[in-house]
A.B. asks: 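Quick one: structure below, then a few questions.
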Amino acid sequence: MDLKLANRVKQVAPSMTLAISAKAKAMKAEGLDVCSFSAGEPDFDTPEHIRAAAKQALDEGKTRYGPAAGEPALREAIAHKLQTDNQLCYGPENIIVTNGGKHSLYNLMMAMIEPGDEVIIPAPYWVSYPEMVKLAGGTPIIVSTTAETSYKITPEQLKQAITPDTRLFVLNSPANPTGMVYTPAEIQALARVVVEANIWVISDEIYEKILYDGAKHLSIGAASDAAFNHTIVSSGFAKAYAMTGWRLGYLAGPAELIKAVSTIQSHSTSNVCTFAQYGAIAALQGPQDCVETMRQAFAKRRTALIDLVRSLPGLTCVEPQGAFYLYVDIRQTGLKSLEFCRQLLEEKYVATIPGIAFGTESTVRISYATDMATIEKGMARLGDFVRSR
Ligand SMILES: *Cc1c(COP(=O)(O)O)cnc(C)c1O
């Protein structure tokens with residue numbers, strides 16, 4: 001049979017993080033004792049009151065098609081959250097509920113980007129950003145950052161990357177894969193460049209609730225009135241509320257953009273699962289102590305992991321202030337990131353993600369969204385691995 005795939009498929013690579021997580025899971029299923037640090041999701045169950053709200057909605061018959069942009073009560077609750085948590089002046093007409101933060105970003109690229117458009121993406125980046133830009137026909141412009149600037153793009157670097165074709169700048173703070181958090185002053189400085197160049201910024205704030213050591217999250221849209229008019233916010237429920245499998249996210253921006261995204265969504269996925277949206281309402285309106293309980297668990301593991309990694313020869317890391325990842329520099333081992341991760345998984349049954357997946361060599365990402373026992377066992381094995389090199 002002669003199957004001809006569309007050209008757009010050839011331009012994108014499958015998600016390396018999902019592939020490695022799958023390999024680690026398959027090894028586990030074979031009965032191998034795998035320590036996995038590859039996951040990009042909390043290891044906690046969704047809090048009980050959120051599950052209860054979705055169950056109740058299901059029992060009450062919230063099982064039919066709803067508006068493509070989301071249940072009005074949820075759009076309202078998200079607008080309220082953005083006003084009170086983030087000082088962003090949005091109403092329900094500025095919000096669309098999507099099938100996760102990933103879907104928000106994809107829909108945005110489809111609504112805004114076309115051939116000839118450039119999108120600035122600092123590296124290390126979340127794996128899907130460049131691929132989404134390519135799927136929309138645009139050109140990702142990768143700006144490399146290093147450990148020396150804590151893997152943050154500087155205002156000068158951003159300025160230099162801007163051309164007449166620049167449409168969008170992708171900002172992710174707290175960041176996956178590095179755990180870096182831009183300080184309010186750094187956000188202000190980037191906002192000034194965005195406003196001056198008259199481009200748009202898409203601010204991926206999915207980790208905003210997962211912060212350590214007094215780090216502060218400032219949405220770039222709240223940097224100034226002018227910045228607000230150049231900002232689109234993407235977020236979701238997956239990370240803060242341990243709701244990865246629910247597939248619930250949102251995009252916030254100018255009503256005209258939200259309308260366009262809603263049209264695209266109405267012809268692709270329609271509304272997000274109706275009863276799941278009632279779980280999201282409970283997440284926003286219910287008690288927030290579950291978020292803090294999970295954050296504190298992450299904080300303990302983070303401290304333990306940093307100490308363990310720093311005690312190993314040949315490994316260095318910049319201390320993360322957010323999310324649940326440690327980005328480790330493996331330069332001194334002399335191994336390429338893919339080789340390092342492949343050998344570590346095959347020989348020691350320890351799963352990590354190679355930095356090359358995020359656009360930087362000589363680094364690996366270790367997720368600490370896993371229990372303390374696994375962290376201790378896994379880091380002992382990692383120690384054996386690096387000492388034998
Ligand atoms: C997890 C993640 C998302 C979105 O996840 P969803 O499950 O689609 O809500 C978006 N951006 C980053 C950086 C992430 O790590």
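Positions are given from 1 along the sequence. Counting starts at 1 for both ligands and their atoms, in listed order.
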A.B. asks: For Tyr278, which of Glu71, Gln56, Lys55 qualifies under side chain to side chain donor-acceptor pair (under 3.5 Å)?
C.D. replies: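 Running side chain to side chain donor-acceptor pair (under 3.5 Å) over Glu71, Gln56, Lys55 with Tyr278 returns exactly one hit, Glu71.
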
A.B. asks: Is the gap between the ring centers of Phe385 and Phe340 under 6.0 Å?
C.D. replies: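 Yes; Phe340 has its ring centre under 6.0 Å from that of Phe385.
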
A.B. asks: Between Phe44 and Phe298, does the ring centroid distance fall short of 6.0 Å?
C.D. replies: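 Under 6.0 Å, so yes.
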
A.B. asks: Just checking Tyr90 against Phe228, ring centres under 6.0 Å apart?
C.D. replies: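 So the answer is yes for these two rings.
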
A.B. asks: For Tyr151 together with Tyr327, are the ring centres under 6.0 Å from each other?
C.D. replies: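 Ring centres of Tyr151 and Tyr327 closer than 6.0 Å.
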
A.B. asks: Residues around ligand 1, heavy atom under 4.0 Å from any ligand atom, sorted by chain and number. Can you pull those?
C.D. replies: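 Ligand 1 pocket, heavy atoms under 4.0 Å: Gly100, Gly101, Lys102, Trp126, Tyr129, Asn172, Asn176, Asp204, Ile206, Tyr207, Ala238, Lys239, Arg247.
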
A.B. asks: Which pair of non-hydrogen atoms, one from Thr166 and one from Ile199, has the smallest distance, and what is that distance?
C.D. replies: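 Distance-wise, the nearest heavy atoms are O-CG2, 3.7 Å.
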
